[in-house]
Amino acid sequence: MGEFDLIARYFTRPGRTEGGVVTHGIGDDCAVLTPTPGWQWLVSADMLVEGRHFLSTVAPRRLGHKALAVNLSDLAACGATPRAFFLSLAMPSANEDFLAGFSAGLFELADAHGIVLAGGDTTAGPLNINITVMGEAPPGTALLRSGARAGEDVWVSGTLGDARLALEVFRGSLSLPGEAFEAVRLAMELPQPRVALGQALRGIATAAIDVSDGLAGDLGHLLKRSNVGAELHLADLPRSSVLGAMPEAVQQLCLLTGGDDYELVFTAPADARARVLDAGRSTGTPVYRIGRIEEAAGLRVRDGHGRLLDQTLQSFDHFQS
Ligand code: ADP
Ligand code: MG
């Protein structure tokens, strides 16, 4: 199968390559996009490399989902409404089983969020998936990392740490009974980006980031950009019953440095608590208050006895592990 047949068969959907802001989609040298009058573009790109961002054991359908999910998560963190995306794909060969599964998972999630595949590039090479997403927001409403102020609350959506727990089982450093493993494996392979929550937090949250490399590291980025610090209590961090049944040290590792969570961590003034809870309720997203922003730089985490945890809380660094 040639490059053009492949694009036509797996990535072009009659009647669905145009819509919303996408005036002309796949098939021309450029896509033509018509923005919502007065709104701003929010654009992000994320690359997935086999062995680094996903394991060769993942089902193609889940991989298609995850490749788009991690990108939608960046739009969610900024409060953007998803509009269009571009897919650049390198593959060793045109394996039809892979392409059918991958595109099915990709489009299922795309349709759920009303985002249109408007173009891309396809080439032979080691498996590598690069997606660029484009979203929109009314002027000045994008959530940034830089708006947190001392005295504000720190919030997180969903639960943390399950994806890391699954990774440790794959690595053989932990084991879990079958059912528990399947549950955390879902968190790792089928993350659900918090797109609706992000949009609902426009005008409420003062700063936000999505947790892709672990809470400590990602919250750390937000704190740095905002020129503030924060204090959290380990006991307040939301976790699944599977993670909650693990030894304390494992919980701590997964909660703080886990990675691949794709939850939102955000800040808001204390007088906005009711509005934050409303945003969670109206979008069906659990949200939890986990700490407070302070003037002193850095992240301080207290254990169940109120003691400060060691400062070796490190973000998962792709070049160090
Ligand atoms: P060019 O050679 O001009 O860069 P291509 O021949 O690579 O264009 O692509 C033809 C059309 O197919 C373009 O509209 C491009 O955006 C689209 N396309 C190519 N690969 C993909 C893909 N993986 N997913 C979606 N659209 C794609
Ligand atoms: Mg090309």
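As the structure lists them, so they are numbered: ligands from 1, and atoms in each ligand from 1.
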Handout entry: Which segment of Ile7 sits under 4.0 Å of ligand 1 when only heavy atoms are counted
Key = side chain
Exercise for the section: With heavy atoms under 4.0 Å as the rule, classify the contact between Phe4 and ligand 1 as side chain, backbone, both or neither. Expected result: side chain
Exercise for the section: Sequence neighbours left out, what passes salt bridge (charged side-chain N to carboxylate O under 4.0 Å, His left out) with Arg9? Give chain and number order. Expected result: Glu96
Practice task
Give the atoms of ligand 1, by number and element, whose distance to some non-hydrogen atom of Ile26 is under 4.0 Å.
Solution key: 12 (O), 14 (O), 17 (C), 25 (C), 26 (N)
Handout entry: Atoms of ligand 1, numbered as shown, that sit under 4.0 Å from any heavy atom of Asp28
Key =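 Counting atoms of ligand 1 from 1, those under 4.0 Å from Asp28 are 13 (C), 14 (O).
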Practice task
Step through the shown structure and confirm whether more than 12 heavy atoms of other residues, nucleotides or ligands are within 6.0 Å of NE2 on His233.
Solution key: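 Count over threshold, so yes.
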Handout entry: Residue Met91 excluded, over 12 heavy atoms near CE under 6.0 Å
Key =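 Result for CE/Met91: enclosed.
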Exercise for the section: Return the option from Asp121, Asp29, Leu6 holding the heavy atom at the smallest distance from atom 3 (O) of ligand 1. Expected result: Asp29
Problem - No-hydrogen, no-angle side-chain donor-acceptor test under 3.5 Å, Thr159 and Ser240 - result: no
Practice task
For residues Tyr10 and Phe107, establish whether the separation of their ring centroids is below 6.0 Å.
Solution key: no
Handout entry: Geometric N/O contact Leu117 with ligand 1, under 3.5 angstrom
Key =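 It does not: no N or O of Leu117 is found under 3.5 Å from an N or O of ligand 1.
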